[in-house]
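Report on the structure given below.
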Amino acid sequence: MTENNPDATTGQGTGDVNPWSAQAAAGAASTSQGASESSDRASVGEQGPDRQESGPRATGEQGPATPGAGNSAYSPPAQWSPWAAGGSQQHQPATGTHGVLYGSAAQHPGYPAAPYQQQHQTGQLQTAPPEQRRRAGGLVAGMTVLALLVGGGAGAAGGYLVAQDNDTGSPAATALNTPPTAQQTGSAPAGSVEAVAAKVLPSVVQLQVRGPSSAGEGSGFVISGDGLIVTNNHVVEVAASGGQIEAVFQDGRTAKATIVGRDPTSDLAVVRAQGVTDLPVAELGRSDDLRVGQPVVAIGSPFELAGTVTSGIVSSLQRPTRAGGENGSQATVMDAIQTDAAINPGNSGGPLVNMAGQIIGINSAIYSPSSSASAQGGSVGIGFAIPINQARRTADEIVKTGKATQTVLGVSVRDNADGGALVADVVAGGPGEKAGLKQGDVVTQLDDRRIDSADALVAAVRSHAPNDTVKLVVGANNTVPVTLGGQPVELK
C-alpha cells in the first residue's frame with residue numbers, strides 16, 4: 001500500500017506520515033512520502049506501539065499547483081516569409097523558456113520557402129536560350145501585371161454587385177441580432193448537483209489558520225447555529241499553540257474561531273466561531289449504507305477558492321488509508337471512503353455529500369504520485385473521506401467533553417507474510433487478552449470483513465465504537481468474540 005500526506009502546511013518534517021489533501025495556503029510546503037510497506041508494523045494507541053500503517057499515498061491538501069513542463073526555446077532555420085520585406089528569408093527567434101500556460105499556444109516554426117524559390121534552388125526548371133529567356137521573362141512579367149489588374153477589377157466589381165444585392169434584400173440574420181434567452185427562474189431539479197450545491201454551500205466554511213511558524217487554510221462545515229464547525233485536525237493544529245483561526249462564511253461574514261477539541265488519531269477537530277448566530281446548519285447523513293458507484297459531491301476551498309463544488313462517485317469503501325497524526329508524527333489509519341470527486345489542497349475538512357445534500361464523509365486526503373518532499377500535488381481522481389458515522393461519534397465527544405475516545409482492541413499487530421494481521425503483542429488486561437488472543441495469532445476476518453493486512457484490522461476496529469462486540473476469525477476458522485475497549489486520546 002502507499003502512504004497519504006496531509007494537505008495542511010503545518011511544517012512537518014521529511015519522513016512524517018501526512019496524507020491529508022486539503023491543506024493550506026498556496027505556496028506552503030507539505031510533506032509527501034513515498035510508499036512504505038513494512039513487514040514489521042506495530043499499531044499505535046490501541047493497536048500497540050510503533051505500528052506503521054499503509055494506505056494510498058496522499059499529499060497534503062495539497063499545496064500549490066505543480067507547474068507545467070517547460071519547453072526550450074526553439075530556433076528553426078531561417079525561412080522565407082510572405083510578410084518579410086522583399087520576401088527575404090527572415091525569422092524571429094523564440095526567446096526564453098516557455099511553460100505550458102493556460103490559453104497559450106505552441107509557436108509556429110515558420111513558413112516553408114515559396115515553391116518557385118525551391119524550384120530555382122533545386123534546378124528543376126529547364127534552361128532556355130538567353131534570348132528566349134528574356135522574351136519569356138518579359139511576357140511573364142506582363143502577364144503578371146495583367147492578372148493583378150484583372151483580379152483587382154473583378155474583386156471590386158464583385159463586391160459592388162454583392163452590396164447592391166444586399167441593399168435590395170433582407171439582411172442576413174446573425175446570432176448577435178437575436179435577443180438573449182430567457183433568464184433561468186425555476187428551481188434546480190431535485191437530486192441534481194445544482195440542487196445539492198444550493199442546499200449545502202451556505203453551511204460550508206473556509207478556515208484561514210495561522211500559527212507561530214506557519215499558516216494554511218482548509219474547509220469545514222457548520223453543525224450548530226451558534227458557530228460549532230467540524231473540520232480536520234491537520235487543518236487547525238498549527239493554531240493549537242497560540243495561533244489564530246478565522247472562519248469565512250459563504251455570505252461573506254468573517255469571525256474569529258477557537259479550538260473546542262481535536263483528535264489527531266482520527267484527524268478530526270471541532271472549532272467555534274465567535275459572536276455569530278443563526279448560521280445555516282448542515283444535514284448529516286449516514287455512511288454505513290453507501291454503495292460503490294453512488295454519485296457524490298465534494299465542497300470546499302481548494303487552493304483558497306472558496307465555495308468550489310466538484311462531483312463524482314464513490315469509488316471504493318472501507319479503504320484502509322494512513323492519515324497524518326499530530327504534527328505528522330503519530331501514524332493513524334482511517335476506514336476511508338474513496339471518491340473520484342476532485343479534492344485538492346484546501347478541500348480538507350469540507351463535506352462529501354450524497355445527492356440528497358446530506359453529509360456522508362469529511363474530505364481529508366488525496367493520493368498524489370509526486371515524489372518531491374516539498375511539492376504538493378493536485379487531484380488525480382483518488383480522494384479519501386472520513387466516514388460520517390465515525391466522525392459524528394468523535395465530534396459529539398469533543399463537543400461534550402473537549403476530548404475524544406479511541407476504540408482499541410488491545411493488541412499490537414503487523415502484516416503477516418501469508419496475509420492477515422499477525423498479533424505481535426497483547427496488552428495486559430485489554431480486550432484482546434480477555435477474549436483469549438495470544439501472541440502469534442493471525443486475524444483473517446472481523447465480522448464479515450476480510451482482513452488481509454495490519455492496516456485493514458486497525459481500520460476495521462476504528463470504524464466501531466467502544467463497547468461494540470465483534471467476531472474475529474483467527475487462523476482458518478477459529479471464531480473469537482471480542483468486546484472492544486476505548487481510551488482517551490492524549491494530545492502532545
State whether the side chain of T308 and the backbone N or O of L305 hold a donor-acceptor pair below 3.5 Å, judged by distance alone.
yes

Between R262 and D267, does any side-chain N to carboxylate O distance fall below 4.0 Å?
no

Full working for side chain to side chain contact (heavy atoms under 4.5 Å, CB included) between S364 and M334:
CA-CA 10 Å; S364 300; M334 63 176 175; 4.3 Å; yes

Sole candidate of V353, L228, I362, I299 that passes side chain to side chain contact (heavy atoms under 4.5 Å, CB included) when paired with F221
I362

Any side-chain to backbone donor/acceptor pair from T321 onto A336? Under 3.5 Å, distance only.
no

As an exercise, state the distance from OG1 of T479 to CD of Q445, rounded to the nearest 0.5 Å.
7.5 Å

Could you go step by step and tell me if H464 and V470 meet the side chain to side chain contact (heavy atoms under 4.5 Å, CB included) rule?
CA-CA 9 Å; H464 288 272; V470 298; 3.8 Å; yes

Nearest atoms (heavy-atom pairs only) where I229 meets A247
CD1-CB, 4.2 Å

May I have the step-by-step check of side chain to side chain contact (heavy atoms under 4.5 Å, CB included) for V205 and V248, ending in yes or no?
CA-CA 6 Å; V205 183; V248 182; 5.6 Å; no

Contact between L446 and V461 at the side-chain level, heavy atoms closer than 4.5 Å - yes or no?
yes

Give a yes or no on whether the backbone of P189 and the side-chain of S192 come within a donor-acceptor separation of less than 3.5 Å.
yes

What heavy-atom pair brings A435 and V482 nearest, and what distance separates the two atoms?
CB-CG2, 3.4 Å

Q274 side chain vs R272 backbone, donor-acceptor pair below 3.5 Å:
yes

Close side-chain approach of V309 and V297, heavy atoms under 4.5 Å:
yes

Could you tell me whether the side chain of N354 and the main chain of A356 form a donor-acceptor pair under 3.5 Å?
yes

Any sub-3.5 Å donor-acceptor pair from E433's side-chain atoms to G429's backbone N or O?
yes

NZ/NE/NH1/NH2 to OD/OE distance under 4.0 Å, R392 and D396:
no

Is a side-chain donor-acceptor pair under 3.5 Å present for T469 with T483?
yes

If you round to the nearest 0.5 Å, how far is CD of Q206 from OG of S219?
7.0 Å

Please determine, by modelled atom types, if S287 and N389 share a side-chain donor-acceptor pair under 3.5 angstrom.
yes

Within-4.5 Å side-chain heavy-atom neighbours: Q338 and I382
yes

Would you indicate whether D289, at its atom CG, is surrounded by more than 12 heavy atoms from other residues, nucleotides or ligands within a distance under 6.0 Å?
yes

Can you establish whether the number of heavy atoms outside R253 located under 6.0 Å from its atom CZ is more than 12?
yes

N363 side chain to P351 backbone, donor-acceptor under 3.5 Å:
yes

d(I386 CD1, R462 CZ) to nearest 0.5 Å is 11.5 Å

A298 versus L352, closest heavy-atom pair with distance
CB-CD1, 4.0 Å

Enter the distance from R449:CZ to T444:OG1 here, rounded to the nearest 0.5 Å.
13.5 Å

Quick one, L409 and L472 - any side-chain contact, counting heavy atoms below 4.5 Å?
yes

Side chains of Q208 and E217: donor-acceptor distance under 3.5 Å anywhere?
no

Side chain of N478, backbone of G475: donor and acceptor closer than 3.5 Å?
no

How close do L437 and V426 get, counting heavy atoms only, and between which atoms?
O-CG2, 3.8 Å

Which value, rounded to the nearest 0.5 Å, describes the distance between E283 atom CD and I359 atom CD1?
9.0 Å

Just so I know, are the side chains of V236 and T231 near enough to count as touching, which here means a heavy-atom distance under 4.5 Å?
yes

Would a 4.5 Å heavy-atom cut-off, applied to side chains only, mark P466 and T407 as touching?
yes

Any sub-3.5 Å donor-acceptor pair from T339's side-chain atoms to I313's backbone N or O?
yes

Is there side-chain contact between F249 and L279, with at least one heavy-atom pair below 4.5 Å?
yes

Over 12 foreign heavy atoms within 6.0 Å of NZ, K199:
yes

One should read off an interatomic distance between D441 CG and N416 CG, to the nearest 0.5 angstrom, of 11.0 Å

Is there a side-chain contact between V271 and V260, using heavy atoms and a 4.5 Å cut-off?
no

Where I259 and I245 come nearest, the two heavy atoms and their spacing
CG1-CD1, 3.8 Å

Go through L268 and N233 one step at a time and tell me if the side chain to side chain contact (heavy atoms under 4.5 Å, CB included) criterion holds.
CA-CA 5 Å; L268 288 169; N233 172 70; 5.9 Å; no

Please name the residue in the list D448, D447, D452 that meets the salt bridge (charged side-chain N to carboxylate O under 4.0 Å, His left out) test with R450.
D452

Check the surroundings of atom CG in D251: do more than 12 heavy atoms from other residues, nucleotides or ligands lie under 6.0 Å from it?
yes

At their closest point, which heavy atom of M355 faces which heavy atom of V193, and how far apart are they?
CE-N, 3.8 Å

Looking at E246 and R210, does any basic side-chain N land under 4.0 Å from a carboxylate oxygen?
no

Do side-chain atoms of D335 reach the backbone of A460 as a donor and acceptor pair under 3.5 angstrom?
no

